[in-house]
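Report on one structure; see the data block that follows.
Whatever order the structure lists them in is the order used to number ligands and atoms, beginning at 1. Numbers here are sequence positions counted from 1.
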Amino acid sequence: MTIRTRFAPSPTGYIHLGNVRTALYTYLVARARQGNFILRIEDTDQARFVEGAEEMILETLNWLGLNWDEGPTLNNPKEESGNFGPYHQTDRRDIYIKWAKKMISEGLAYADPYTPEEVQVFRDKARAEKRAFLYRDHRPENPPEWQLGMPLRFKVPEIKRYSWKDAVMGELSAGPEALDDFILIKADGLPTYNFAHIIDDFEMQVTHVIRGSEYIASTPKYLSLYEALKITPPILAHVPHIMAPSGNKKLGKRDGAKSVTEYRSEGILPEAMLNFLAQLGWNDGTEQEIFSKAELIEKFSLDRVQKSGARFDEQRLIWLNGQWIRSLSLDDLYSRCQSFWGEEAKNADESYKKRVLELAQDRLKTLQDLPKLTSYFFVEPEIDTELIDGNKQLRKLTDDERRELLSIARQEFEKITDWTPETIQNCLNELLETTGQKPGILFSLVRIVTTWAPFSPQLNDTLALIGKEKTLQRIDNYLQK
Ligand code: GLU
C-alpha cells in the first residue's frame, strides 16, 4: 500500500507553529515510507478567507523544505500538479454535490427546513429541560426537496457508541451523545469541513489523517459518516496542542510565540525550526537533541508522539538555532546572511566579510544578531561607557585603575610586530601576569574599549581582525576621553 498523507490548511491567516508542526509530522510519515505528501487547500469558509494566506502557506512549507508531491504549485497556486485534484476545495464543488445527491437518494441526508429563529426555540426548550440540544431530535417529518441555497444535513443512521484507535492517543471512545445531524452543504452551496474532508480524503486515497487534537471531539461524527458512506476510515492521528510556556493553556498569540514568517525574518534557520517543532511533542527515546530532516525521516514515528501537550520554549529554539548555525560551512552560512548584514557592511569586501563571519559564527544565535555582533569590524564604534559601568567586574575599578590597565595593555600591544591571534594571545597572557588581574577584568575591559559591543568573538581573534593600528587607536580614543 502506498502511504498518502495530506496537510490541509485553511487560508484564513498566518500559519502558526501548531499548523507547521502538523505539516511536518504529516510530511515525515509520508517520506518515511516513500509515500506521497499532498497539500490540499481547505478554502470553503469564505467569511474567514484571507487574501495572500495561501501564498504564505506555500512559501513557508517551501522554506522549511516540506515539499509536497501533489497540490498547488509554488509559483502559481492556481496551477496544480497531481492526479487526484483539484486540490482547492472550492474547485471541488461538483464532487461534493454529487456525493450529497447520492446521500439524499439513500435517505442519508435531508434539507434543513428551519429558520434560525425556529432553531433558537428548540435550543431554549432543551436548555429549560436541562438536556443537550441535538438536531437529530428535530428531524422534519416531510423535509422539503433539497436545492442549492438550503443547508443539507446528514441523517445519522445509527445512534450508538463508537470506540476507535487513534495512532497517537490510543483507544478512544464516545457515547451516542457525540452524534448529531451535522450540516453537509451550507446555504452558500459550499460543503462544511466535516463533510468535505471525508470526501476528499477518500477520493484522494489518503491513508493517514494527521491533525490537531481539537478534532477528537468530532471524530465520532466522522465515524458515523464514514460508516454511512461505507468508507473505511483512514488511520487517524491527533497530535496534542502546543502549550503556552506556563504549561496550563494552549499556546496563543499572546504567549510570545511568533509566526513562522517572523522567526524566519529574525534569522531562524529552517533546519532549527524543523528540529524544534519535531521535538515539541515527540522524541526518539534517546538524549539526542539535534536532528536533521533526513534523520527525522528515518526516526520519526507516530507512536512516539506524546499524548499530552508539549510546552513552547522559545529559548530552546534559539539555542537550537545557534547549534545549527555553527554546523554550517562558512560559505553556506555566508549565503544565508545576505540580507542580515548591517548597513555599514553593505559595501565591504566579500573576503573580509567572510573573515568577520567566521569569527562570529560561534556566537551567533540568530542571523539577526549579525550587525550587533560585527558592526565594529566595519565602522568606528561609538563609545558607550554604560557597557563598562554596567559590567559587574569592571564596576569595581576606579576610573584611574581602568586607565592604568589600558595604558599598560596599549604599551604591550604596540610592541607586537607580527599582529596575529597567537602573538596577541601571548601578549594578553603576559598582561594577566604583570598586572595580576583576572581575565574577567582585563580582557573584558580591552574587549569593550575596542568594540563597544555587548559581546564579541574571542578577544585575540577579534583584535587580530580589527588590526593593530585600529586597536591602538580605539584604546587611545577611550584614554583621551
Ligand atoms: N482545514 C483544517 C484546519 O486547518 C484541516 C484539519 C485536517 O487536517 O483535517 O484545521
Decide whether the shortest distance between a heavy atom of Glu214 and an atom of ligand 1 is less than 4.0 Å. no

Looking at atom 6 (C) of ligand 1, what's its closest protein heavy atom, distance included? Tyr193 OH, 3.4 Å

Which of the numbered atoms in ligand 1 are under 4.0 angstrom from any heavy atom belonging to Tyr215? 2 (C), 3 (C), 6 (C), 10 (O)

Would you please classify the geometry between the Tyr222 ring and the Phe182 ring as parallel, tilted or perpendicular, with 30° and 60° separating the classes? perpendicular

Please report which non-hydrogen protein atom sits nearest to atom 8 (O) of ligand 1, along with the residue it belongs to and the distance in Å to one decimal place. Arg6 NH1, 2.7 Å

Output yes when the distance from some N or O of ligand 1 to some N or O of Ser10 is under 3.5 Å, and no in every other case. yes

Polar contacts were defined as any N/O atom of the residue lying under 3.5 Å from an N/O atom of the ligand; does this apply to His197 and ligand 1? no

Please determine whether any non-hydrogen atom of Phe7 lies less than 4.0 Å from an atom of ligand 1. no

After noting the C-alpha distance and the side-chain angles of Phe377 and Thr451, does the key distance pass the side-chain contact (heavy atoms from CB on, under 4.5 Å) rule? CA-CA 8 Å; Phe377 286 111; Thr451 64; over 6 Å; no

Below 4.0 angstrom from a heavy atom of Arg211, which ligand 1 atoms are there? Numbered from 1 as shown, please. 7 (C), 8 (O), 9 (O)

Ring-ring centroid check Trp319 Phe276, cutoff 6.0 Å: no

Going by an N to O cut-off under 4.0 Å, is there a salt bridge joining Lys354 and Glu358? no

Give the atoms of ligand 1, by number and element, whose distance to some non-hydrogen atom of Glu42 is under 4.0 Å. 1 (N), 2 (C), 5 (C)

Strictly by modelled atom types, are Glu289 and Gln279 linked by a side-chain donor-acceptor pair under 3.5 Å? no

Side chains of Thr90 and Asp43: any donor to acceptor distance under 3.5 Å? yes

Any N/O pair Ala8/ligand 1 closer than 3.5 Å: yes

Determine, for Asp69 against Arg31, whether the closest basic-nitrogen to carboxylate-oxygen distance falls under 4.0 angstrom. yes

